[in-house]
Amino acid sequence: MSILADEFYLRADVVSISRELLGKVLSTRIDGVLTRAVITETEAYAGVTDKASHAYGGKRTNRTEPMFGTGGIAYVYLCYGIHHLFNVVTNVEGTPHAVLIRAGSPLEGIDVMLERRQKKAIDEKLLGGPGSLAKAMGITTSLSGASLQDDQVWIEDHRIDILPGNIIVSPRVGIDYAEEDVLRPYRFRARIPSVTN
DNA sequence: CGAATGATATACT
DNA sequence: GTATATCATTCGA
């Protein structure tokens, strides 16, 4: 088991990073409480050339500022006034690429996740969407800009192998405003969320 | 299927 | 400074 280093995030190909994050373990420590989940779904957002990205055309605002920072930090924002969405910033400073973590499979701190989600039992909805995942793991906008080498949120490699045949590639969802970029095959799902310790 | 719900961007005064 | 439209969604009917 090892923590993904800055070099992992600093690479240029956000689509490859997005695919490689499948099977990695997202960990958070919020108020001293540890939770872990295996990442099973991601989406790539390719910066200034991608109409689905908040940073399309180099639009730089207070909210999107972390995306323009160096690879290896978090970008969290509030969507629909209700949901916190967690992204990993990639590429070098000034190139606003990011990977949205869309779904996971619970690994550690499950009782805490259930409590945060007000649920009694694990089901596919516990971490089954970007808003749900962030809520279960205690992620809020206050983590936006935080380093993934810090002790609040980080990603580990548990050597969980996702075979290429078990990766489903498809267009992204919820971005109908993105015109021709709607169809970019930037969504990656692991068919079998292997959760064996 | 449709309401919920609030920060944020943008366009005004 | 104030107004208004817009969301990288979820949940319950």
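Naming: A, B, ... by sequence-line order, numbering from 1 per chain.
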Residue mapping more 5' on DNA chain B - nearest nucleotide basis, T141(A) or H83(A) = H83(A)
query = Which part of the nucleic acid, if any, lies within contact of S132(A), taking any heavy atom under 4.0 Å across all strands shown: a base, the sugar-phosphate backbone alone, or nothing?
reply =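 Contact class for S132(A): sugar-phosphate only.
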inquiry  = Once you apply a heavy-atom cut-off of 4.0 Å, does R117(A) come out as touching a base, just sugar-phosphate, or nothing?
reply    = sugar-phosphate
task = Both distances under 3.5 Å, Watson-Crick or G-U wobble: report the partner of dG6(B), or none.
result = dC7(C)
Take the protein atom [atom1] of [X] and the nucleotide atom [atom2] of [N], then report the distance between them rounded to whole Å.
X       : N       : atom1 : atom2 : result
D123(A) : dT10(C) : CG    : C1'   : 13 Å
L127(A) : dT9(C)  : CG    : P     : 16 Å
D176(A) : dT9(C)  : CG    : C1'   : 13 Å
E41(A)  : dT9(C)  : CD    : P     : 10 Å
L126(A) : dC11(C) : CG    : P     : 10 Å

Could you list the protein-to-nucleotides 2-8 of chain C atom pairs, N/O on both sides, closer than 3.5 Å?
from: dA8(C); atom 1: OP1; to: H54(A); atom 2: NE2; distance (Å): 2.9
from: dA8(C); atom 1: OP1; to: Y77(A); atom 2: OH; distance (Å): 3.4
from: dA8(C); atom 1: OP2; to: Y177(A); atom 2: OH; distance (Å): 2.5
from: dA8(C); atom 1: N7; to: H54(A); atom 2: NE2; distance (Å): 2.9
from: dA8(C); atom 1: N1; to: N87(A); atom 2: OD1; distance (Å): 2.3

query = Quick one: does NZ or CZ of R11(A) land under 6.0 Å from the six-membered ring centre of F8(A), within 45 degrees of the ring axis?
reply = yes
I17(A) reachable from V169(A) in the ILVMFWY side-chain graph, under 4.5 Å edges = yes
request  = Take D13(A) and S16(A) through the side chain to side chain donor-acceptor pair (under 3.5 Å) test and state the conclusion after the steps.
outcome  = CA-CA 5 Å; D13(A) 188 351; S16(A) 294; 2.7 Å; yes
ask   = Side-chain donor-acceptor pair under 3.5 Å between S18(A) and T42(A), yes or no?
value = yes
request  = With side chain to side chain donor-acceptor pair (under 3.5 Å) as the test, would you mind laying out the steps for Y45(A) and H54(A) before giving the verdict?
outcome  = CA-CA 9 Å; Y45(A) 285 86; H54(A) 290 157; over 6 Å; no
inquiry  = Below the 4.0 Å mark, does dT10(C) have OP1 or OP2 next to a side-chain nitrogen or oxygen of K135(A)?
reply    =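 Result: no.
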ask   = Is a side-chain donor or acceptor of D31(A) paired with a backbone partner of V33(A) at a separation under 3.5 angstrom?
value = no
